[in-house]
**Q** 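Handing you this structure, nothing more for now.
The model shown is predicted, which means the values in this text are computed figures rather than measured ones.
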Amino acid sequence: MRTAGRAAWARVWDRVAASDPGLLRLAAGLRTVCSIALTLAVLSLFQASVPHLVAGAMSAMVSTFAIREKQRAQQAVTLALGLPVALASVSLSALLNSRVVAGDVFFVLLIFGAVYSRRFGDRGTALGLIGFQIYFLSLFVGATVSALPRLYGVIGVAFVCSALVRFALVPETPTGTLDRLRRAFRARFAQLVTAQLALLDAGPDDMEKALDDVREGTARLHETALLIQGRLEDGTSDETVARLVQRRIADAEVAAERLGLLLLTARSTERGHTLTLHLPGAPVPSGDRLPVRDETTDTLHRDLEALRLLVLRPSGTDSGTGLAHVRNRLLGYREEENLPPASDAVQDVFRGIGEAGRAVLGLRIAVDGPQDESEDTPATTRSREELDAEDVAIAGSGESESEDAERTGLRRPTTRAAVQVAVGSSLAIIGGEFLSSQRWYWAVLTCWIVFLNTSSTGEILVKGYRRLLGTVLGVVAGIGLAGLVGHHTWTAFALVLLFIFAMFYTAPLSYTLMSFFVTAMLGLLYTLLHTYSASVLVLRVEETALGAVCGVVAAALVLPVHTDRRTNELLGTVLERLTDVTEAAVDQLSGGAAAELLDKARDLDQALADLSASTQPLTHPITPLRARRDTARYVVALLETCAYHARYLAATAELLPTHPSIAADPRLREAGRRIVHNIGVIGAYVADGDGDGVGEIETGPSIASLLRPGTPGTPRYGRVTDRVLRHLQRLDEAVVGLARPLDVPIAAPAR
């Protein structure tokens, strides 16, 4: 019974870890709630008044969520610097409270400085945020000069409690976060295999839903891989370990994505296109090669289940003979003689399972150290030898030269955003005063928030709309909660803590939900301060709408960055990164010098993630420009397809020095030349705008025709080379396909 309970709890925990990679949202919510709860407990011991309890709670919240550095020492320095910033901010607010014009001018200058400070990195962002939020807090509680000594004490208690929770009660260490992210990667890998199993079993009516689940699982696995790669340097003991884990994560991601494509091909009458895995709503390939369960299909189903078991099994529990047998069977599919008799497409699926099994083994060795080898078969031994040789090559490659990031590129966008938010806040102050001389700062807060983490007018418009919607829903909830809670102070504070946790947990998922919880929480705070009324919450909606409008107007009229311009800039960056990865990978596969390919692939993935985020205003469900929305989705999906094939080429090229089945082939250089040329033409067209003098897209014979496809009995070298050619061919097709929606001219094929 106890074992079954532990297994059930492990399954539940795996689901939580998969839905919240690294438990980052859970940790942020718990850390903030615990800071507030501890602050309230300490202040209650000193019999603080309700306004001071509210001030302490808000100060603890700000001092916790504002700090984003990954290293504990940097967090401590920022927190220590944040306290005098907070004290200065509340002092100036109290001193200028009775001087309306001077106070408003200073508030605008403070907002400008808080946004401009983002150019100084995480610390500048945190200190600017603390300064602004504490000033807002003082307006909220009506701070006066006579009340400053007590407010100093309240803020000091809040910062001390925040430090205690951050460094002792709910600590956050880079190593611990990376370890949780690795567990999340394993859970999401297993979820993707589950979705692939459903794709294998799906009938004609269920294919579309099964394919959607595979798409979602692939995207979530990629998201976790990016999170891991962003924390490797801080979370591992040295650079060699970081590069080793990065290699194994990339191998596992490529193997999992390729397995899904091979399954799709096995289920279809034509070869599945990678675009199908990246474009929601893409047509489901026709045909059904596996309509009935026969012996081969049963074996395939069993081995996918075994792969999922291998992925999920925690470290230290794989010494049993049964699991070793499963591992050996899967790795055996990397040998031609172990493949079951079936069609070429189905045999490719078994090969894909073998490669996925190898990726899982490599990740286990990289993360958990040497594994038990007593039950190894010759096929498993060969896989281990390959992995060991790769590890030695990584350890001996030396430290790569690092390039310091240039900050000059951040200056102009940061200054522009600071000017925009200052102008928008000035409009919000003027308009807010007309609505209410007491609550005008709500409009300023909304204007400030819609500018955070946005880069174009379209993003600000969408964020303002979402905040307004969440605020309206939160007002309705706040009216109901205020009637239920009444004057039960600690019940209201308990609900406030619950809403704060929900606010932080849902913030990365839905800005509307986060705004809902913020507004509902404020309704409870107004109840505690005895300033609640339905008219106050209605005024909150009006001020929010005003602030959103002021933000959009400022973004549209003051140094505007239109969505088209922003997306074109990011599209150009993605194409540059794609050129870097493709050119370096093909050069290395052709016998050229080694390059830091996985770092280049990571830069490509990050640039693509930025582009995908910037297209949200274009792809939003309420956009009236349907054709434009479909084009944006199609372009992003094609770029994701290109990135997948580039990742595979990069991962394969990095195996060249050590892998016995891969050798350089100079003929690949010509194959890659056309792809690089075409990417350059598209990039020049995007940068130029009118297309004058940028050339045309080259077309010609199939890249795969450069070498004959592998046939049964061909050496493994021929089969691996053929696989590289297929990925080059798919990349070439995707790049040519990208030219069409961007209206880049395509040259007629030469006769």
**Q** Looking at every non-hydrogen atom in both residues, tell me the closest pair between Gly474 and Thr519 and how far apart they are.
**A**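 In this case the closest contact between Gly474 and Thr519 is C-CG2, 3.7 Å.
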**Q** Determine whether a donor-acceptor pair (N or O, by modelled atom type, separation under 3.5 Å) exists between the side chain of Ser425 and the backbone of Ala422.
**A**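 Flag not set: sc Ser425 to bb Ala422 has no pair under 3.5 Å.
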**Q** Quick check: do Val108 and Asp104 have side-chain heavy atoms less than 4.5 Å from each other?
**A**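 Counting from C-beta outward, Val108 and Asp104 never come under 4.5 Å.
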**Q** With sequence neighbours excluded, what pairs up with Asp610 under the side chain to side chain donor-acceptor pair (under 3.5 Å) test?
**A**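 Expected list: Gln606.
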**Q** Taking side chain as C-beta onward, heavy atoms only, is Leu137 less than 4.5 Å from Ser59?
**A**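 They are in contact (side-chain heavy atoms under 4.5 Å apart), so the answer is yes.
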**Q** Any side-chain heavy-atom pair from Phe493 and Val54 closer than 4.5 angstrom?
**A**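 Yes. Closest side-chain heavy atoms under 4.5 Å.
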**Q** Give the intermediate values and the outcome of side-chain contact (heavy atoms from CB on, under 4.5 Å) for residues Val423 and Ser426.
**A** CA-CA 5 Å; Val423 172; Ser426 300; 5.7 Å; no
**Q** Surrounding CZ of Arg72 (heavy atoms of other residues, nucleotides or ligands, distance under 6.0 Å), is the total greater than 12?
**A**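 Yes, the 6.0 Å shell around CZ holds more than 12 heavy atoms from other groups.
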**Q** Got a second to check how far Thr506's OG1 is from Phe517's CZ, nearest 0.5 Å?
**A**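 If we round to the nearest 0.5 Å, Thr506:OG1 and Phe517:CZ are 5.5 Å apart.
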**Q** Could you tell me whether a side-chain N or O of Ser91 sits under 3.5 Å from a main-chain N or O of Leu87, the two making a donor and an acceptor?
**A**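 At least one qualifying donor-acceptor pair exists.
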**Q** Take Val421 and Phe112 through the test side-chain contact (heavy atoms from CB on, under 4.5 Å) and record every step on the way to the result.
**A** CA-CA 7 Å; Val421 73; Phe112 177 89; 5.9 Å; no
**Q** For the backbone of Ala48 and the side chain of Arg150, can you confirm whether one donor and one acceptor N or O come within less than 3.5 Å of each other?
**A**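 No, Arg150 side chain to Ala48 backbone: no donor-acceptor pair under 3.5 Å.
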**Q** Side chains of Val77 and Arg123: does their closest heavy-atom pair fall under 4.5 Å?
**A**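 They are in side-chain contact.
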**Q** List the atom of Ala366, the atom of Leu244, and the distance in Å for their closest heavy-atom pair.
**A**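 Scanning both residues, the minimum pair turns out to be CB-CG, 3.8 Å.
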**Q** Heavy atoms only: give me the nearest Arg118-Ala417 pair and the separation to one decimal.
**A**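 Closest approach of Arg118 to Ala417: NH2-CB, 3.5 Å.
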**Q** Any donor-acceptor pair under 3.5 Å linking the side chain of Thr39 with the backbone of Ala57?
**A**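 No, Thr39 side chain to Ala57 backbone: no donor-acceptor pair under 3.5 Å.
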**Q** If you round to the nearest 0.5 Å, how far is OG of Ser146 from CG of Leu148?
**A**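 If I round to the nearest 0.5 Å, the distance is 7.5 Å.
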**Q** Quick test of your reading: applying ring pair (Phe, Tyr, Trp, His ring centres under 6.0 Å), list the pairs with at least one residue in residues 85-104, sequence neighbours left out, ordered by first then second residue.
**A**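 Sorted result for residues 85-104: empty, none.
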**Q** Please lay out, stage by stage, how Ile67 and Asp122 fare under the test side-chain contact (heavy atoms from CB on, under 4.5 Å).
**A** CA-CA 7 Å; Ile67 298 175; Asp122 288 337; over 6 Å; no
**Q** For the rings on Phe516 and Phe499, is their centre-to-centre separation under 6.0 Å?
**A**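 Distance test on ring centres: not under 6.0 Å, no.
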**Q** Rounded to the nearest 0.5 Å, how far apart are CD1 of Ile228 and CD of Gln246?
**A**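 CD of Gln246 is found 11.0 Å from CD1 of Ile228.
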**Q** Name each donor-acceptor pair under 3.5 Å that joins a side chain in residues 542-560 to protein atoms two or more places apart or in another chain, with its distance.
**A**
{"unit_1": "Thr544", "atom_1": "OG1", "unit_2": "Arg540", "atom_2": "O", "d": "2.8"}

**Q** Does the side chain of Thr224 pick up a donor-acceptor pair with the side chain of Arg188 at under 3.5 Å?
**A**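 Side-chain D/A pair, Thr224 to Arg188: present.
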**Q** Parallel, tilted or perpendicular for Tyr505 and Phe501, by the 30°/60° rule?
**A**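 Judged by the thresholds at 30° and 60°, the geometry between Tyr505 and Phe501 is parallel.
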**Q** Rounded to the nearest 0.5 Å, how far apart are OG1 of Thr512 and CG of Leu469?
**A**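 These two atoms lie 5.0 Å from each other.
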**Q** Looking only at atom types and distance, does a side-chain atom of Ser44 sit under 3.5 Å from a main-chain N or O of Leu40, one as donor and one as acceptor?
**A**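 Here the side-chain-to-backbone pair exists.
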**Q** Less than 4.5 Å apart, any side-chain heavy atom of Arg68 and any of Thr125?
**A**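 No, their side chains stay 4.5 Å or more apart.
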**Q** Find the distance between CG (Leu110) and CD1 (Ile134) and round it off to the nearest 0.5 Å.
**A**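 Rounded to the nearest 0.5 Å, the CG-CD1 separation comes to 11.0 Å.
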**Q** For residues Gln75 and Glu69, report the shortest heavy-atom separation together with the two atoms involved.
**A**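 Shortest heavy-atom separation between Gln75 and Glu69 comes out as NE2-O, 2.7 Å.
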**Q** Can you list, pair by pair, the side-chain donor-acceptor contacts under 3.5 Å of residues 428-435, counting residues two or more places apart and other chains?
**A**
none

**Q** So, are Arg182 and Asp179 salt-bridged, with charged N and O less than 4.0 Å apart?
**A**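 Salt bridge between Arg182 and Asp179, a charged N being under 4.0 Å from a carboxylate O: yes.
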**Q** For a quick test of reading the model, state the closest non-hydrogen atom pair linking Val90 to Ser138 and the distance between them.
**A**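 Heavy atoms only, the tightest pair is CG2-CB, 3.8 Å.
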**Q** Identify all side-chain donor-acceptor contacts of residues 154-169 below 3.5 Å with residues at least two apart in sequence or on another chain.
**A**
{"unit_1": "Ser162", "atom_1": "OG", "unit_2": "Ser63", "atom_2": "OG", "d": "3.4"}
{"unit_1": "Ser162", "atom_1": "OG", "unit_2": "Thr64", "atom_2": "OG1", "d": "3.0"}
{"unit_1": "Arg166", "atom_1": "NH2", "unit_2": "Thr64", "atom_2": "O", "d": "2.6"}

**Q** What are the two closest non-hydrogen atoms of Ile130 and Gly82, and how far apart are they?
**A**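 Looks like CG2-O, 3.7 Å.
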**Q** Determine the interplanar angle of the Phe107 and Phe132 rings, folded into 0 to 90°, and report it as parallel if under 30°, tilted if 30 to 60°, perpendicular if over 60°.
**A**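 Taking Phe132 first and then Phe107, their aromatic rings lie parallel (interplane angle under 30°).
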**Q** How long is the straight-line distance from OG of Ser89 back to OH of Tyr135, given to the nearest 0.5 Å?
**A**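 These two atoms lie 7.5 Å from each other.
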**Q** Which residue pairs pass the ring pair (Phe, Tyr, Trp, His ring centres under 6.0 Å) test when at least one of the two sits in residues 33-63, sequence neighbours left out?
**A**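 Passing the test, one end in residues 33-63: no pairs.
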**Q** So do the side chains of Phe504 and Val33 get within less than 4.5 Å of each other, counting heavy atoms only?
**A**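 Not in contact.
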